[in-house]
Amino acid sequence: MEDEKKPLLEVTELKQYFKVSRKYEVKAVDGVSFRIYPGETYGLVGESGSGKSTIGRSLIRLYKPTSGEVKFQGVTISGSLNREETKHLRTKMQMIFQDPMACLNPRKKVLDIVAQGLDIHGMYKTKEEREEKVYNILRMVGLSKEHASRYPHQFSGGQRQRIGIARALIMDPDLIIADEAISALDVSIQAQVVNLMKEIQAQTGSAILFIAHDLSMVKYISDRIGVLHLGHLVETGTTEEIFGNPIHPYTKSLLSAIPQPDPNGEKKRVALSYDCKEMGIDYNAATSHFIGGQHYVLGTKEEIEKWNKKV
Amino acid sequence: MNKEKILSIRDLSISFMTTAGEANAIRGVKLDLYKGETLAIVGESGSGKSVTVKAIMGILSGNGSVKEGTIDFTYERNGETVHQDLLKLTKKEMRRRINGKRIAMVFQDPMTSLNPTMTIGKQIMEGMRCHYKTPKKEAYEKAVSLLSLVGITEPEKRMKCYPHQLSGGMRQRVVIAIALSCDPEVLICDEPTTALDVTIQAKILELIKEIQDRTGISVIYITHDLGVVAKVADYVAVMYAGKIVEKGLAEEVFYDPRHPYTWGLLSAMPDLNTSDEALYTIPGSPYNLMGKGKGDAFADRNAFALNIDYRMEPPMFQVTDTHYAATWLLHENAPEVGMPDALKNRISRMRKEA
Ligand SMILES: Nc1ncnc2c1ncn2[C@@H]1O[C@H](COP(=O)(O)OP(=O)(O)OP(=O)(O)O)[C@@H](O)[C@H]1O
Ligand SMILES: Nc1ncnc2c1ncn2[C@@H]1O[C@H](COP(=O)(O)OP(=O)(O)OP(=O)(O)O)[C@@H](O)[C@H]1O
Ligand SMILES: [Mg+2]
Ligand SMILES: [Mg+2]
């Protein structure tokens, strides 16, 4: 797949730094490179604060990247954008945000929230068509027509999350950035939404950047996975490569911590710990190493040899 | 075993006025919380989990009203045991005497409970300063140590951050730190770890457990993550359409579920050994709360529904001293129906591994 297809999204050495105060700068994303191909689902996992949302927000240009290059459908979108490019980006790339309440205007009805993108870019001919599109997408995410006339605070957490999902899907984007899009949903609705996303993907061929911490769901939905830690991509590969042959110790610790629906097993289990300072791992001294297939691991030559042996 | 009941909810019914009519979000909930125990509430999105605990805190939205019921809270004041129906207190009394101080809540949506214009340090110190008049320096130190306990690195520097400068999971942990700051007797966590990765999640769960062992607080835990429930819960209540349809000890609900909805819920959870093309979903769409129809709310989606399910709501049947389920399948005249084979196999596989 690597050479045959042209990537939909190509991220090279992306850095995103934030200055919190004069003395305190956060390197939220610190030199990350990856590609997403048309129609595929790329899962991005990593601990809280590792920079997952920041990557998503830099891609849709809520921030101006500190450095690095992002190409979307062959067009560089990390620099200044003209009007045409902005419109292309705003319609063809959609993000489902992590904090549903923070991005839903509390004074607007659901109908208008979901239709917002259509309104801005004039994507319908009649009022009826607009409403029809909204009702249709609401039904697809498991909400009903009656919900369209309510305000965001009148919904349960999971229902609000689905409003955010509907708002992104209605634009029929080529790339969907789903930031913890299903984590607030119960398992049955999660499954429903995941199945829906797969269905839409099969129909429209859109690609998904799936940001999540729930590895069992990531495993289920992703073709390839990237593991992020402290703003660095420490390991990437196909789902089989990551789950079948994890190499980086951080990936291994993540995999060892997945909870299972089993009270006796759960109450006994201890997860592997990982502390890169203690283990003497310095991400800035490391480079990306090719393991095989589509599997790459960040480390020094010695580290990679050591980790590889332990299997 | 003589357990102390700390919260006791009886016949709670709540409805909301909406443009489309009255929505009966909670329909007769009965639930107990014992001292030092963890109760988990699970169930479909929109089934009424958050509304139930918001009623405990006295913070229903303006268009909601309690139709019926009591929520009895038992606590000690100056060495005396006090029983109080929380539904009888005014919002102001709740704020002064109960909320944050005796019963603290971690909300599902962290952004709605954080003040965007105030540093997180100030927000963690606020409760201690106002409920206990804690001196500033002491409150500051406690706030820093709470931040580090919930796994936030460089806590002193983070004290000065505003909510938008933190990641989603960090915000969620700040809200947890705020809830713990006043040493409450009851801690209500509404999806407290949804935005957290498994390692940090495990850390928070262990932290709560450790506090529980030390101070004997009681915890209500709302989550859709059955793995988390398996880890923390002593007792599990399963909600569907504003009712509790099954409750029991964690082992009973996980290893011997009786309600068809619980079967569906357990089947829908992916485990690392499943690789079916489509995940199992419970068929049909969620129950319409507007309806006043007869019969069981789950009947239309229930592959095992009996004729009577369409005519009459099932009562709670007792399975053991601690295990109850509201399904006609438990009636003595019901046909012999067991849980689906796939689920049975998974459960027996888990029991072998454990
Ligand atoms: N202010 C309100 N006005 C009208 N309906 C409401 C209001 N608040 C909640 N509801 C409805 O009450 C039902 C129960 O909501 P609740 O928030 O308790 O669900 P939940 O079980 O917590 O779900 P989730 O897992 O999605 O958070 C939902 O159908 C919701 O739409
Ligand atoms: N606007 C901002 N200003 C300052 N710092 C920021 C800003 N946005 C993010 N950060 C910092 O960048 C780091 C990465 O945050 P990010 O939101 O990308 O994490 P995440 O991987 O999405 O975590 P989570 O799983 O908790 O959502 C954090 O240390 C955060 O405090
Ligand atoms: Mg995030
Ligand atoms: Mg809720």
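Values below: every heavy atom of this structure, side chains too, minus hydrogens, waters and symmetry copies. Residue numbers begin at 1 in each chain, while the letters A, B, ... track the order of the sequences.
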task = Evaluate the side-chain proximity of A:Val26 to B:Lys157: yes if any heavy-atom separation is below 4.5 Å, no if none is.
result = no
inquiry  = Any non-hydrogen side-chain atom of B:Ser45 less than 4.5 Å from a side-chain atom of A:Arg162?
reply    =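 A side-chain contact exists here, since the closest heavy-atom pair is under 4.5 Å.
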query = Between atom CD of B:Gln172 and atom CD of A:Gln98, what is the distance when rounded to the nearest 0.5 Å?
reply = 8.0 Å
message = Sub-4.5 Å heavy-atom contacts with chain B: which residues of residues 14-24 of chain A show up?
response =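 Listed by number: A:Val20, A:Tyr24.
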Part of A:Glu47 within contact of chain B (heavy atom distance under 4.5 Å) = both
ask   = Non-hydrogen atoms of chain B under 4.5 Å away: do they reach the side chain of A:Arg160, the backbone, both or neither?
value =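 For A:Arg160, the side chain is the part near chain B, not the backbone.
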